[in-house]
Amino acid sequence: MNDLSQLQIQAEAELADANDDAALEAWRIKYLSRKGLVSQAVGRIGSLPPEERAAYGQAVNAMKQTVQAAFEARSQELIDASLAAELTAEGIDVTLPGRRPQVGRLHPISRTLRNIYDIFGQMGFQIYTARDVETDLVNFQLLNFPKGHPAREMQDTFHTTVEDVLLRTHTSPGQIRAMREYYPEPIRVILPGKCYRYEQVTARSEMMFYQVEGLAVGRNITFADLKGTLVAFANQMFGQGRKLRFRCSHFPFTEPSAEVDIDCIICGGSGCRVCKYTGWLEILGCGMVHPNVLRNGGYDPEIYSGYAFGMGPERIAILIHGIDDIRYFYSNDVRLLTQFA
Ligand code: PHE
């Protein structure tokens with residue numbers, strides 16, 4: 001009988017020290033399993049003289065029940081404690097307001113494009129969209145870049161698995177598409193769209209970017225018309241009073257050709273980091289449509305003339321907003337958009 005109360009005291013003390021599931025299970029095996037100490041005590045009934053059995057049996061059963069009840073109580077205690085710990089750790093505060101969903105905004109390139117459309121729209125230009133997937137013929141050959149022409153090297157190309165089918169490297173092939181569709185009408189269109197070049201992506205160049213091409217074809221179009229149109233555009237896009245500088249340049253599909261600079265919109269021409277201390281920012285390429293290109297579009301260069309220009313909306317957005325890395329535009333980070341309210 002003494003041993004029984006000893007066993008109970010010991011079992012209860014060890015149970016109080018079992019602080020996790022593993023300790024609790026070890027305790028259960030030690031005391032309550034089929035070969036545990038409590039079962040052993042119960043089993044001892046059979047070895048007792050018959051007159052002692054009844055009293056011992058009662059006592060051992062009472063002890064077993066007490067210990068079992070203590071085990072169940074301790075198990076519940078541990079479950080409650082771990083639940084309470086979880087609740088304080090996760091700290092759900094149901095009174096907190098919910099998180100606001102992030103709202104997108106118009107992308108700076110979309111805004112720049114719409115601005116360009118508005119300005120040229122007011123001058124009577126229509127939007128003509130040509131295809132992104134072009135042929136070597138239209139993207140290059142009809143624009144005076146024969147196969148193997150060194151000027152192709154400036155436009156590293158994404159080719160497709162289909163021979164002579166590629167992703168357009170500029171919007172200029174749209175000139176051919178528009179001329180072939182409009183002939184013999186006069187033309188005044190802008191051709192916006194994505195272009196693709198197989199280039200290392202850096203802060204200054206992406207492999208996918210936009211261009212907006214302009215094309216005018218008619219009977220008496222001169223370089224003066226080109227200059228007037230671009231001066232009017234620059235004044236609306238970059239602010240009144242802009243100075244423009246036409247620098248001689250070369251493109252296979254225009255003759256003569258020029259690159260156009262505006263006086264730096266940051267420093268006004270006195271020299272700064274953005275204009276690399278030149279006072280000028282290059283904004284586009286342009287020229288009079290080459291006679292071969294007019295002919296390839298179906299227009300007789302003896303009768304018709306035309307001008308064309310091409311600009312990069314990313315570059316324009318970069319200049320206007322002082323953005324220092326072109327990769328921001330296509331990294332899909334909504335934080336960029338929220339900066340352009
Ligand atoms: N297509 C030329 C380029 O991608 C730009 C350009 C367009 C130049 C039209 C002249 C006329 O660099």
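If you're wondering where the values come from, they're calculated on a predicted model, not measured in any experiment. Counting starts at 1 for both ligands and their atoms, following the listed order.
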Quiz item: Should His170 be counted as touching ligand 1, given the test is an N or O pair under 3.5 Å?
Solution: yes
Quiz item: Would the Tyr299 and Tyr182 ring centres measure less than 6.0 Å apart?
Solution: no
Practice problem: Please say which of Val260, Val212, Ile316 ends up in a side-chain contact (heavy atoms from CB on, under 4.5 Å) with Leu284. | Solution: Val260
Quiz item: Under a heavy-atom criterion of less than 4.0 Å, does Arg197 contact ligand 1?
Solution: yes
Self-check item: Neighbour count above 12 (heavy atom, 6.0 Å) for Met207 CE
Solution: no
Quiz item: Is there a salt bridge (Lys or Arg N to Asp or Glu O under 4.0 Å) between Arg295 and Asp300 once you walk through the steps?
Solution: CA-CA 6 Å; Arg295 211 174 285 121; Asp300 180 351; 5.8 Å; no
Quiz item: Atoms of ligand 1 less than 4.0 Å from Gln211 heavy atoms?
Solution: 3 (C), 4 (O)
Quiz item: Non-hydrogen atoms of Met154 versus ligand 1: any pair closer than 4.0 Å?
Solution: no
Quiz item: Quick one: does ligand 1 sit under 4.0 Å from the side chain of Cys286, the backbone, both or neither, non-hydrogen atoms only?
Solution: backbone
Quiz item: Which protein non-hydrogen atom lies closest to atom 9 (C) of ligand 1, naming both residue and atom, and how far is it?
Solution: Glu213 OE2, 3.3 Å
Exercise. Could you list which atoms of ligand 1 come closer than 4.0 Å to a heavy atom of Ser172?
Key: 1 (N), 7 (C)
Self-check item: Contacts of type side chain to side chain contact (heavy atoms under 4.5 Å, CB included), residue Val274, not counting sequence neighbours
Solution: Ile266, Cys272, Leu281, Leu319
Exercise. Could I get the full list of salt bridge (Lys or Arg N to Asp or Glu O under 4.0 Å) partners for Glu14, not counting sequence neighbours?
Key: Lys30
Self-check item: Residue and atom name of the nearest protein heavy atom (relative to atom 2 (C) of ligand 1), distance in Å to one decimal
Solution: Phe253 CZ, 3.7 Å
